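To keep things clear, I will list the structure first and then write my remarks on it.
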Amino acid sequence: MSSARRDLEGGGGGSKNATNYSAAPTNYVFDPEVHWTSWLVPLFVAVNVVVFVVAMYVNDCPRKNLDFEGDCVATFLGRFSFQPLRENPLFGPSSSTLTKMGALQWNDVVNQHEGWRLFTCIWLHAGIVHLAANMLSLVFIGIRLEQQFGFVRIGIIYLLSGFGGSVVSSLFIRNNISVGASGALFGLLGAMLSELITNWSIYTNKAAALFTLVAIIVINLAIGMLPHVDNFAHIGGFLTGFLLGFVLLLRPQFGWLEQRRLPAGVRLKSKYKAFQYVLWIVSLILLIVGLSIALVMLFRGESGYDHCHWCHYLTCVPTSKWKCNDD
């Protein structure tokens, strides 16, 4: 397998591959007061598509391809044609084009002081297959969450989870590039789980909802342990979103809304339960401390493997069919 292909396919660099994300059933005891119209998630989808088109325009395979890996694919598209499949099997641009446009690469972030790549990489995709999988997942998960909690909170979770995934990925992957929105998508899954936990009392069918959501998360993280998938971005995004869910997705406890019809002096229930406040404080502290420590380690040039020698099993499990390494 060529180095360019390894760069593009992830896990050891490459695309933060998306799989079949799904949403757990959410049957609430009460109807939410406000139902937002989702516009931010569709906007994110549109931006990702536009960025991919721009990447293909910049790539210009017919003019820049040197035929080392074969001929361009879909040449009828002109300069928008794809790199040879031996180089990029996901139908997309070259790794050099992705790097030029902001792909995540440890050396550029740490030694060249291009920290902006921690954000820009989440808007890039290795190919049309990668883009389609991620955008379908974003629509399926994100629109529902935005309708329930509004664009501000879901936008914050999406962007910060993508950033958290990039930071964790950079701590462990040094020799390859990484692109994709999967860290942000796993953040939305993590936020769904913490939202279910912190709002436990207002759910019906709680056990079924919890089991379904945990199963979806476990399956997707397990798929990330296959070679050529950047599972560190998935894990970092998931943990960031999980903590943000406790902070941003609280719902009033059951019965609090009804109290507004009573005289002010009769209201006895607080808006949130005590455990919700505790989870809010603990999660906020863990989020700030965790991201701060990770960023300090990253810009000091430390490798995550120096502190976690077994962590390579989180992104690749060696078998008789393939081998894994710390890159």
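All residue numbers refer to positions in the sequence shown, counting from 1. Computed from a predicted structure; not experimentally measured. Just the heavy atoms: all of them, side chains too, but no hydrogens, waters or symmetry mates, feed the values below.
- With a 4.5 Å cut-off on side-chain heavy atoms, Ser170 and Leu118 count as touching.
- Interatomic distance, Ile217 CD1 to Leu213 CG, rounded to the nearest 0.5 Å: 4.0 Å.
- In this structure, the side chain of Ser169 does not engage the main chain of Ala233 through any donor-acceptor pair within 3.5 Å.
- Transitive grouping of hydrophobic side chains (ILVMFWY, heavy atoms separated by less than 4.5 Å) brings Ile154 and Val47 into a common cluster.
- In this structure, Phe246 and Phe242 have perpendicular ring planes: the angle between them is above 60°, well past the 30° mark.
- Pairing each heavy atom of Leu90 with each of His130, the nearest pair is CD1-CB, 4.2 Å.
- The structure places CZ of Phe186 at 9.0 Å from OG of Ser137, a figure rounded to the nearest 0.5 Å.
- Nearest heavy atom pair, residue Thr240 against residue Gly164, reads OG1-CA, 3.6 Å.
- The hydrophobic cluster containing Val53 also contains Phe44, counting ILVMFWY residues as joined when their side-chain heavy atoms lie under 4.5 angstrom apart, directly or transitively.
- A donor-acceptor pair shorter than 3.5 Å cannot be found between the side chains of Ser94 and Asn88.
- Contact check for Phe82 versus Cys61: no side-chain heavy atoms found under the 4.5 Å cut-off.
- If you chain together hydrophobic residues whose side chains sit under 4.5 Å apart, Val218 and Phe211 never meet in one group.
- Leu210 is listed as a side-chain neighbour of Leu193, based on a closest heavy-atom distance under 4.5 Å.
- The two residues Leu171 and Met297 come nearest to each other via the heavy atoms CD2-CB, 3.9 Å.
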* To do: Tell me, with the steps shown, if Leu249 and Ile157 meet side chain to side chain contact (heavy atoms under 4.5 Å, CB included).
  => CA-CA 10 Å; Leu249 303 186; Ile157 292 173; 4.0 Å; yes
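- Under the 30°/60° scheme for interplanar angles, the aromatic rings of Phe232 and Phe172 are found to lie parallel.
- Taking CZ of Phe149 as the reference point, atom OG of Ser38 lies at 13.5 Å (rounded to 0.5 Å).
- Of the possible polar contacts, one joining the Glu146 side chain to the Leu40 backbone as a donor-acceptor pair under 3.5 Å is found.
- Applying the salt bridge (charged side-chain N to carboxylate O under 4.0 Å, His left out) definition to pairs two or more places apart or across chains, those involving residues 116-128 are Asp108-Arg117, Glu114-Arg117.
- The main-chain N or O of Ala55 is never found under 3.5 Å from a side-chain atom of Lys100 such that the two would form a donor-acceptor pair.
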* Asked: Can Phe52 and Met135 be said to form a side chain to side chain contact (heavy atoms under 4.5 Å, CB included), step by step?
  -> CA-CA 12 Å; Phe52 181 76; Met135 293 306 99; over 6 Å; no
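- Pairing each heavy atom of His309 with each of Tyr305, the nearest pair is ND1-O, 3.2 Å.
- Every residue was checked against the side chain to side chain donor-acceptor pair (under 3.5 Å) condition with Asp306, not counting sequence neighbours, and none meets it.
- In this structure, Gln276 contributes its side chain and Thr198 its backbone to a donor-acceptor pair below 3.5 Å.
- In this structure, the separation between CG on Leu314 and CD1 on Ile235 is 4.5 Å, given to the nearest 0.5 Å.
- Under the 4.5 Å side-chain criterion, counting only non-hydrogen atoms from C-beta, Pro93 is not in contact with Val58.
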* To do: Apply ring-ring contact (aromatic ring centres under 6.0 Å, His included) to the pair Phe151 and Trp39, showing each step before the final yes or no.
  => CA-CA 8 Å; Phe151 71 93; Trp39 62 268; 4.9 Å; yes
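- In this view, Asn48 satisfies the side chain to side chain donor-acceptor pair (under 3.5 Å) rule with no residue, not counting sequence neighbours.
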If you look only at distance, which donor and acceptor atoms sit under 3.5 Å apart when one is on a side chain in residues 281-295 and the other is two or more places apart or in another chain?
| from | atom 1 | to | atom 2 | distance (Å) |
| --- | --- | --- | --- | --- |
| Ser283 | OG | Leu279 | O | 2.8 |
| Ser292 | OG | Ile288 | O | 2.7 |

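- With values rounded to the nearest 0.5 angstrom, Cys311 atom SG is found 11.5 Å from Tyr313 atom OH.
- Residues passing the ring-ring contact (aromatic ring centres under 6.0 Å, His included) test with Tyr57 are Phe80, sequence neighbours excluded.
- Within the structure, ring pair (Phe, Tyr, Trp, His ring centres under 6.0 Å) pairs that include any residue of residues 92-121 comprise Phe119-Phe163 (at least two apart or interchain).
- Contact of the Gln112 side chain with the Asn107 side chain is registered, since non-hydrogen atoms from C-beta on lie closer than 4.5 Å.
- One finds the CG atom of Asp230 at 11.0 Å from the CD1 atom of Ile177 (value rounded to the nearest 0.5 Å).
- No continuous path of ILVMFWY side-chain contacts below 4.5 Å connects Val110 to Val296, so the two sit in separate hydrophobic clusters.
- Using a distance-only test at 3.5 Å, with no hydrogens or angles considered, a donor-acceptor pair links the side chain of Asn231 to the main chain of Leu221.
- Of the possible polar contacts, none joining the Ser81 side chain to the Leu77 backbone as a donor-acceptor pair under 3.5 Å is found.
- Note on Val51: it clusters hydrophobically with Val54, by side-chain heavy-atom contacts below 4.5 Å among ILVMFWY residues.
- Side-chain atoms of Glu87 never come within 3.5 Å of backbone atoms of Pro84 as a donor-acceptor pair (strictly under, hydrogens ignored).
- Using a 4.5 Å cut-off on side-chain heavy atoms (C-beta onward), Leu145 and Glu195 make no contact.
- The minimum heavy-atom distance linking Ala103 with Leu124 is given by the pair N-CD1, 3.5 Å.
- Counting all heavy atoms, side chain and backbone alike, Lys64 lies closest to Asn59 at CD-O, 3.2 Å.
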* Determine, step by step, whether Met192 and Leu189 satisfy the side chain to side chain contact (heavy atoms under 4.5 Å, CB included) criterion, reporting the C-alpha distance in whole Å, the side-chain angles of both residues, the deciding distance to 0.1 Å, and the verdict. => CA-CA 5 Å; Met192 288 176 65; Leu189 283 175; 4.3 Å; yes
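- Side-chain contact between Tyr158 and Leu138: present, with at least one pair of heavy atoms (C-beta onward) separated by less than 4.5 Å.
- Considering only heavy atoms from C-beta on, Met56 stays 4.5 Å or farther from Phe91 through its side chain.
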